[in-house]
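Take a look at the structure below.
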Amino acid sequence: ELPFFSHSEWWPVLWQDQADSDTADQGVNAVDLHLGVGELFGWRFSDVTLRAHKTPEVWQADIDGPQVAGKAQIPQLENLPLTLDLRHLHLVEEVATANGGKKEDPRVLPPLEIRSQKFSYADVDLGQLELMASKRSAGLHLDRLNLTSPVTAISASGEWTVSAGRQLSVFSIRLVSRDIGQTLAAFGYAGTVKDGRSEGTLTARWDGSPGSFAIDRLAGNLHLKIEKGQLLDVEPGAGRIFGLLSLQALPRRLSLDFSDFFKKGFGFDRIEGNFSIDAGNAHTNDLVMEGPAARIEVRGRVGLAARDYDQKVTVVPHVTSGLPLAGVLAGSLPAGVAIFFAQQLFKPKIEDITRVHYLVTGPWDAPEIERRSKTQASR
């Protein structure tokens, strides 16, 4: 332990060196240390050099290492924040049993002011980081979190609290991307979607600290909207993002029914829907994909933990979209106008006749897509 980081009861030992080191007594005014392996807020860092000197209110520190580098102000007074002004911060490995098996307690942490020019989490480059958190009696309140990259902006606020010995994380998260294809590629889902302006909002909660997030403990609600993009012609299971999973599997399978519409991917004007998430499952009743070729409606469950489907999918091909122009070209303008009004008059009936229902079940990697009759679909 480095005792110069624990001058008051409310402030725990920040760093724990797992290598042998000689540490000066509480009276030191400056330190120069190299940590072979250290822990900070339950995250493991390796090969860290730390040089710090004491002022009446804070320790001024320079930190340098492959995962964290920059300047820090470590408070000695309870009302002051821990301030990190970093060049880079890479969170890779969380230590589940930090401090000899004792979980980090947000009630004893100070206010936080953290900025990093480069930030990554689990090898995902998230751009610049800005984090502000204030103290509450039950833990920490996340006043704001901003992650900004050239393509994606993520903002969040929320709480990390303890009640009856149980930790809980509750956050509201908003993601805006000017190219969801590039955003997904950054998160490891390359080749699933091309282009697409997108916006998503998620209210999420799970037991444990923010770093102990697990999909099978996640609960909350998601609204997703993507405009002007293309679902790529990928192998089943290559994409793993909520209802888009089955949507990506459909073009390949539906080519038997609509070979003129589904070829090299599926262009869309809009994908939008709401999901309720609980116990590792995401449920939707209104996921819709609108495209020049067809409208696809999805209802049912996506198993995020089990990685499976149980969804009802309805496809309505836009088979009448070219009729007015065809009428004009074939004869005269009045004929085209007549065809146009006839199309609008009978459009509901035409759509009902061409509507096709599917049941999508099974694992993400090999979904079963079964065509259903209207009677079966209504059950």
Side-chain angles (χ1 to χ4, degrees), residues 1-6 10-23 31-52 59 61-75 81-131 133 139-140 142 145 147 154 156 158 160 162 167-169 171 186-188 206-218:
E1 292 185 348
L2 304 182
F4 58 89
F5 281 139
S6 55
W10 61 271
W11 182 241
V13 176
L14 280 179
W15 287 94
Q16 294 181 322
D17 187 15
Q18 296 182 0
D20 292 335
S21 64
D22 295 326
T23 305
V31 292
D32 188 343
L33 296 170
H34 179 266
L35 306 177
V37 178
E39 297 172 11
L40 176 61
F41 294 145
W43 293 92
R44 178 173 287 132
F45 297 86
S46 60
D47 194 21
V48 178
T49 298
L50 186 146
R51 297 179 176 88
W59 279 86
D62 289 308
I63 304 170
D64 191 26
Q67 295 167 252
V68 58
K71 295 183 179 298
Q73 290 187 353
I74 303 155
L82 168 66
T83 301
L84 301 177
D85 188 3
L86 304 175
R87 297 188 299 276
H88 64 254
L89 175 61
H90 306 307
L91 300 182
V92 179
E93 183 181 4
E94 187 193 18
V95 184
T97 57
N99 301 326
K102 181 182 177 181
K103 294 182 179 179
E104 202 71 63
D105 189 337
R107 294 172 296 185
V108 300
L109 296 180
L112 301 175
E113 295 183 5
I114 302 175
R115 296 177 179 85
S116 184
Q117 298 174 26
K118 295 181 180 179
F119 174 69
S120 65
Y121 178 86
D123 295 326
V124 177
D125 184 0
L126 295 171
Q128 294 183 342
L129 164 71
E130 180 189 30
L131 185 153
L140 282 181
L142 181 64
L145 168 67
L147 300 168
I154 301 172
W160 175 21
V162 177
Q167 292 198 16
L168 180 65
S169 296
F171 296 100
F187 280 88
W206 62 89
D207 290 335
S209 69
S212 63
F213 168 85
I215 199 69
D216 57 348
R217 297 202 303 268
L218 175 65

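- Between the OG1 atom of Thr49 and the CD1 atom of Ile63 there is a distance of 10.5 Å, given to the nearest 0.5 Å.
- Minimum interatomic distance between Asp125 and Phe119 (heavy atoms only, all atoms of both residues): OD1-O, 3.6 Å.
- At least one side-chain heavy atom of Pro106 sits under 4.5 Å from a side-chain heavy atom of Val162.
- Considering CH2 of Trp160 and CG of Leu168, their distance stands at 12.0 Å, rounded to 0.5 Å.
- How far CD of Gln117 is from CD of Gln128: 7.0 Å, rounded to the nearest 0.5 Å.
- Between Phe171 and Pro210 the shortest heavy-atom distance is CZ-CG, 3.8 Å.
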Go through Leu126 and Phe187 one step at a time and tell me if the side chain to side chain contact (heavy atoms under 4.5 Å, CB included) criterion holds. CA-CA 9 Å; Leu126 295 171; Phe187 280 88; 3.7 Å; yes

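- Atom NZ of Lys118 is separated from atom CG of Leu89 by 13.0 Å, given to the nearest 0.5 angstrom.
- Gly208 and Ser169 get closest at one heavy-atom pair: O-OG, 2.7 Å.
- Heavy atoms only, all atoms of each residue included: Ile74 and Ala61 are closest at CD1-CB, 4.2 Å.
- Looking only at atom types and distance, the side chain of His90 has no donor-acceptor partner in the side chain of Asp123 under 3.5 Å away.
- Although no hydrogens or angles enter the test, the distance criterion places a donor-acceptor pair under 3.5 Å between the side chain of Gln67 and the main chain of Arg44.
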Please step through salt bridge (Lys or Arg N to Asp or Glu O under 4.0 Å) for the pair Asp85 and Arg115, ending with a clear verdict. CA-CA 5 Å; Asp85 188 3; Arg115 296 177 179 85; over 6 Å; no

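- Scanning all heavy atoms of the two residues, the minimum distance from Trp206 to Ser212 falls at NE1-C, 4.2 Å.
- Atom CG of Asp207 sits about 12.5 Å away from atom CZ of Phe213, to the nearest 0.5 Å.
- Between the CG atom of Leu82 and the CD1 atom of Ile114 there is a distance of 6.0 Å, given to the nearest 0.5 Å.
- When all heavy atoms of Gly65 and His88 are compared, the pair lying nearest together is O-NE2, 2.9 Å.
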Evaluate the side chain to side chain contact (heavy atoms under 4.5 Å, CB included) criterion for residues Leu91 and Val68: first the C-alpha distance (whole Å), next the side-chain angles of each, then the deciding distance (0.1 Å), finally the verdict. CA-CA 9 Å; Leu91 300 182; Val68 58; over 6 Å; no

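- A salt bridge (charged side-chain N to carboxylate O under 4.0 Å, His left out) with Asp64 is found for exactly one of Arg51, Arg87, Lys71, namely Arg87.
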